[in-house]
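Notes follow the structure.
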Amino acid sequence: MEVKGVLYDTMIAHYLLHPDNSRHGMDLLAETYLNYTPVSIETLIGKKGKSQLTMRDVPVEKISEYAAEDADVTWQLYEIFSPLLKEANAQKLFDEVEMPLVPVLAAMEREGICIDTETLKNYSAELEKEIVAIDAEIQTLAGTPFNISSPKQVATFFSKC
């Protein structure tokens with residue numbers, strides 16, 4: 001099923017706001033920003049392993065409660081993160097780079113991909129050399145050092161331009 005309309009991923013929004021954090025899961029965000037602990041997926045289907053159920057095995061009433069809570073928590077996080085993205089000058093990056101990639105990444109995950117690991121390794125070495133050169137050029141052109149791998153620093157730098 002293709003989703004129509006505007007997409008908004010609160011975990012991606014949080015990543016742009018706090019790229020140095022290693023965790024951006026909804027449960028953690030709910031606990032951190034809403035002081036609320038949502039029902040965990042493990043409560044419904046059990047822990048990973050042979051005995052773990054699928055959602056097909058769970059009564060519809062429990063799934064609907066879980067889904068409603070998930071939607072509510074997501075909406076509340078959206079209301080917190082949306083103005084923060086604007087304040088951090090990361091809205092354009094979110095709208096024009098990150099969110100358009102969501103359907104692409106979802107399709108890749110659904111379809112799977114084949115990887116030639118040797119070619120990828122060689123290409124990675126080439127790209128690393130290019131990245132070092134481009135990074136040095138950017139630092140020179142900017143006239144000030146900043147981490148070009150940090151969405152927050154890039155957004156802050158471009159907001160000054």
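Just so you know, residue 1 is the first one in the sequence shown, and it goes up from there. The shown structure was predicted, so the numbers you read here are calculated from the model rather than taken from an experiment.
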Exercise for review: Just do the side chain to side chain contact (heavy atoms under 4.5 Å, CB included) check on I80 and L84 with the steps written out, would you?
Suggested key: CA-CA 7 Å; I80 291 169; L84 293 176; 3.9 Å; yes

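- Across P151 and L16, no two heavy atoms sit closer than the pair CB-CD2, 3.6 Å.
- Note that NE2 of H24 is 11.5 Å distant from OG1 of T10, once rounded to the nearest 0.5 Å.
- Expressed to the nearest 0.5 Å, how far CD1 of I45 lies from CG of D57 amounts to 9.5 Å.
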Practice item. Show your working on side chain to side chain contact (heavy atoms under 4.5 Å, CB included) between F146 and Q139 and close with a plain yes or no. Key: CA-CA 7 Å; F146 68 98; Q139 303 298 326; 4.2 Å; yes

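- Listed here is the closest heavy atom pair of A88 and L17: CB-CD2, 4.0 Å.
- By the side chain to side chain contact (heavy atoms under 4.5 Å, CB included) test, Y123 pairs with E126, L127, sequence neighbours left out.
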Under 3.5 Å, sequence neighbours excluded: what are the donor-acceptor pairs made by side chains of residues 93-110?
from, atom 1, to, atom 2, distance (Å)
D95, OD1, Q91, NE2, 3.0
D95, OD2, Q91, NE2, 3.1

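- Hydrophobic clustering of Ile, Leu, Val, Met, Phe, Trp and Tyr side chains at less than 4.5 Å, counting indirect connections, unites M11 with L34.
- Annotation: the span from N147 atom CG to K152 atom NZ amounts to 12.5 Å, rounded to 0.5 Å.
- Under the 4.5 Å side-chain heavy-atom criterion for ILVMFWY residues, a single connected hydrophobic cluster contains both V154 and I134.
- Applying the ring-ring contact (aromatic ring centres under 6.0 Å, His included) definition to pairs two or more places apart or across chains, none involves residues 99-118.
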Exercise for review: Tell me, with the steps shown, if Q76 and Y36 meet side chain to side chain contact (heavy atoms under 4.5 Å, CB included).
Suggested key: CA-CA 11 Å; Q76 290 182 60; Y36 177 75; over 6 Å; no

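- Note on ring orientation: taking the six-membered ring where Trp is involved, the planes of H14 and F81 are tilted (angle from 30° to 60°).
- Looking at residues two or more places apart in sequence or on another chain, you find a ring pair (Phe, Tyr, Trp, His ring centres under 6.0 Å) between Y78 and Y8, W75.
- We find the CD-OG distance between E69 and S64 to be 11.5 Å, quoted to the nearest 0.5 Å.
- Note: I63 CD1 to R56 CZ = 10.5 Å, rounded to the nearest 0.5 Å.
- Under the 4.5 Å side-chain contact rule for hydrophobic residues, M26 and L28 do not share a cluster.
- Note that the CD atom of E42 and the CG atom of L53 stand 12.0 Å from one another [nearest 0.5 Å].
- Here the side chain of T43 pairs no donor or acceptor atom with the backbone of V39 at under 3.5 angstrom.
- The ring-ring contact (aromatic ring centres under 6.0 Å, His included) pairs that include a residue from residues 48-69 number zero, where partners must be two or more places apart or lie in different chains.
- Every residue was checked against the side-chain hydrogen bond (donor to acceptor under 3.5 Å, both in side chains) condition with D20, not counting sequence neighbours, and none meets it.
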